[in-house]
Amino acid sequence: MAVFTDENGNPRSEPMVDDEGRPVLCRSALAARDRMIEQLCALPPIATALDAIIERFGVEQVAEVTGRSRRLIIGPDGRQKLQPRTPRANIAETQAFMDGAKRILVFSDAGGTGRSYHADLAARNQARRVHFLLEPGWRADAAIQGLGRTNRTNQASAPLFRPVTTDVRGERRFISTIARRLDSLGALTRGQRQTGGQNLFDPADNLESAYAKEAVNRWFGLLFTGKLEAVSLATFEDLTGLRIEGPDGGMVDDLPTIQRWLNRILALPIALQNAIFDEFLALVEARVDAARQAGTLDLGVETIAVESFEVLSDTLLRTDALSGATTHLLELEIARALKPLTLARLDEHYAIDSARDRALRNGRSGRVGLLVPARSLLTDEGARIMRFELLRPLKRGYLTADQLEESSWEPVEAADFRRLWQAEADEAASSLKRERLRLATGLLLPIWDKLPADHVRVSRICASDGRSLLGREVPLHCVPEICRALALEHGHTISADDIVHAVLATGRPMEVRGREQLTLKRSLVNGSQRLELAGWSAARLDWYKAQGCFTEIIRYQTRLFVPLGEGASIVSKLQ
């Protein structure tokens, strides 16, 4: 290429030609091209996913339902041979899978229309389907069509969906597109975003969400200030052609869009690509975790499968003047069958005795957990927060290094860990977990602004007998506010047990309706949690103490407390 300067003084380039008008070729580039072609031709051929599965398991175990008219298979003599396939072969292969003669089924778009592969109660093969999603493509409707082949009515069990990706972080780009389009399709077809994706994807998987767009803008800021470890500003601009620094030395106002940024990242070497994505995903997950903890993460409709539920109380919140539709606040008691993580399943994925995964026991509760490394979070200032995932028989959560140091988790021997884990799993599997929740159901749109803005969770309660309820969950401490906002004279009654439990569990103060307007709150005094009453009258101090309360002078101020062991009985006297 010949470099020249245009009329504006900007350097430009154009193909160089000789005197006869023929292009001048770079000999070093030609040699590099020839060496690359030579190396590529020396590599062994990479089989497609379909051929690799058939070659690995054999045609006796794999049922193929595709549009191929012929295929290469390994014969009895160990040599490849070309096998023709007729359209009737798909019918025979489907029947072989549904009868259990073949345990593996591979189907494409051509084989995913008009057929059912679910665990039908009328089929011999009623084993639970594990549906691996390979090469989902770009069409969300086609992806839903394929997923629906193994999840249908009259089935013995619902399938497990497994989207498959490699360890190349850039592949998250394609999973993100499918997640976004499935959500969009669900919003168009059923008025609910998560209907399309069937909750297959986590909010952090959508790299084109509001959290991701905010994270990429912050990523550009950290890149500009040199606080990223994966790549420098000069290297990034040179490799991607994206300009972050303006002519005046500051950041440009018009930053690249996240779609453009993702596409440019895919062209980078794998190691650099993974390093950049790790830092970017750390920013995304930090925002998603913050929204989840604050209760503002919009997860759409979550389905809660329960064994049974019972309506304990039904409070009428509103009746529409035109249509007569009603809005109710239900107090439910649900019973859920616990499904603990078994010790055998834990051994399949983690090494309890290794230095990487640490077996811990809580010194206070006596419960055990397995601590495994997790992706670190990245603050907006570029500081890394080391994080661990704590696996327990019934739940999993995340702990930062500081939280772990301040907690009561202590190392435990592997033999004791296995024994305690098995005991917890056996105890959980043989019992039902009963809990209470409050659900606002019916016509919700007119009172949507009256519901708590910091707790947005829409749930569908589905019982094993077929009954279901759809509504928005309401935390207990928000019930009095809703009743006041709707001007209800006889609002939802809250028992003393529920008030004490809610205050201790959430830390939110709650009103105690009685002769006086009292507030029960959780206070930290001398390193321990206490129940404290606020709004009491000094003239009735002796009466409160006669009911079981006690006082303590702290910083020359008398404060009134309720004993933890007798909290419910005392609060009931104050109501």
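Just the heavy atoms: all of them, side chains too, but no hydrogens, waters or symmetry mates, feed the values below.
Considering CZ of R418 and CG of D416, their distance stands at 11.5 Å, rounded to 0.5 Å. With rounding to the nearest 0.5 angstrom, the CG atom of D289 is 5.0 Å from the CZ atom of R387. Atom CZ of R367 and atom CG of L394 lie 8.0 Å apart (nearest 0.5 Å). Annotation: the span from I74 atom CD1 to I54 atom CD1 amounts to 10.5 Å, rounded to 0.5 Å. Atom CG of L332 sits about 10.5 Å away from atom CD of E435, to the nearest 0.5 Å. To the nearest 0.5 Å, atom CD1 of residue I461 and atom OG of residue S308 are 12.0 Å apart.
Taking the centre and axis of the six-membered ring of Y211, the NZ or CZ atom of R287 falls outside the cone set by 45° and 6.0 Å. Both cation-pi conditions hold for R472 and W448: the charged atom is under 6.0 angstrom from the six-membered ring centre and inside a 45 degree cone around its axis.
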Quiz: residues 369-378 side-chain donor-acceptor pairs under 3.5 angstrom, not counting sequence neighbours:
unit_1 : atom_1 : unit_2 : atom_2 : d
R375   : NH1    : E285   : OE2    : 2.7

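Checking side-chain atoms of R129 against main-chain N and O of A127 turns up a donor-acceptor pair under 3.5 Å. A side-chain donor-acceptor contact under 3.5 Å links T327 to the backbone of L443. Side chain of N125 to main chain of F97: a donor-acceptor pair is present (N/O by atom type, distance under 3.5 Å, no hydrogens or angles). Not a single donor-acceptor pair under 3.5 Å links the side chain of R152 to the backbone N or O of H118.
Considering only residues two or more places apart in sequence or on other chains, K81 meets the side chain to side chain contact (heavy atoms under 4.5 Å, CB included) condition with I73. Annotation: ring-ring contact (aromatic ring centres under 6.0 Å, His included) contacts of F388 (sequence neighbours excluded): none. Evaluation of the ring-ring contact (aromatic ring centres under 6.0 Å, His included) rule for W421 yields F417 as partners, not counting sequence neighbours. Residues passing the ring-ring contact (aromatic ring centres under 6.0 Å, His included) test with H131, sequence neighbours excluded: F107, F161.
With respect to E473 and R438, no salt bridge is recorded, no charged nitrogen being found less than 4.0 Å from a carboxylate O. Taking 4.0 Å as the cut-off between side-chain N and carboxylate O, R384 and D278 do not count as a salt-bridged pair. Taking 4.0 Å as the cut-off between side-chain N and carboxylate O, R35 and E38 do not count as a salt-bridged pair. Between R336 and E307 no salt bridge is recorded (no basic side-chain N to carboxylate O distance below 4.0 Å).
Heavy-atom neighbours of Q155 CD from other residues, nucleotides or ligands within 6.0 Å: above the threshold of 12. The number of heavy atoms from other shown groups lying within 6.0 Å of CG (L40) is above 12. Heavy atoms of other residues, nucleotides or ligands lying less than 6.0 angstrom from CD of Q83 number more than 12.
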task: Kindly indicate, with the supporting measurements, whether the criterion side chain to side chain contact (heavy atoms under 4.5 Å, CB included) is fulfilled by V368 and L360.
output: CA-CA 6 Å; V368 293; L360 302 178; over 6 Å; no
- request: Quick one: do Q61 and R103 satisfy side-chain hydrogen bond (donor to acceptor under 3.5 Å, both in side chains)? Show the steps, please.
  value: CA-CA 6 Å; Q61 292 293 328; R103 306 293 296 177; over 6 Å; no
message: Walk me through whether R162 and V130 qualify under side chain to side chain contact (heavy atoms under 4.5 Å, CB included).
response: CA-CA 7 Å; R162 294 285 183 263; V130 182; 4.1 Å; yes
- request: Show the numbers, then the answer: is there a side chain to side chain contact (heavy atoms under 4.5 Å, CB included) between V216 and R218?
  value: CA-CA 5 Å; V216 78; R218 188 56 203 156; over 6 Å; no
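Ring-plane geometry between F277 and W261 is classed as tilted, the angle between the planes lying from 30 to 60 degrees on a 0 to 90 degree scale.
The shortest side-chain heavy-atom distance between D51 and T48 falls under the 4.5 Å cut-off. Looking only at side-chain heavy atoms (C-beta outward), I265 and L268 come within less than 4.5 Å of each other. For the pair R396 and R392, the minimum side-chain heavy-atom distance is 4.5 Å or more. In this structure, the side chains of F309 and R467 come closer than 4.5 Å at one or more pairs of heavy atoms. For the pair I352/L343, a side-chain contact is recorded, criterion being any heavy-atom separation below 4.5 Å from C-beta on. With a 4.5 Å cut-off on side-chain heavy atoms, Y398 and L390 do not count as touching. Side-chain contact between L72 and L82 is present, with at least one heavy-atom pair separated by less than 4.5 Å. Contact of the L470 side chain with the T441 side chain is not registered, since no non-hydrogen atoms from C-beta on lie closer than 4.5 Å.
Donor-acceptor pairing under 3.5 Å is recorded for the side chains of Q422 and D426.
Within the structure, the side chain to side chain donor-acceptor pair (under 3.5 Å) test picks out the following pairs touching residues 90-100 (sequence neighbours left out): R85-N90, E93-K102, Q95-D99.
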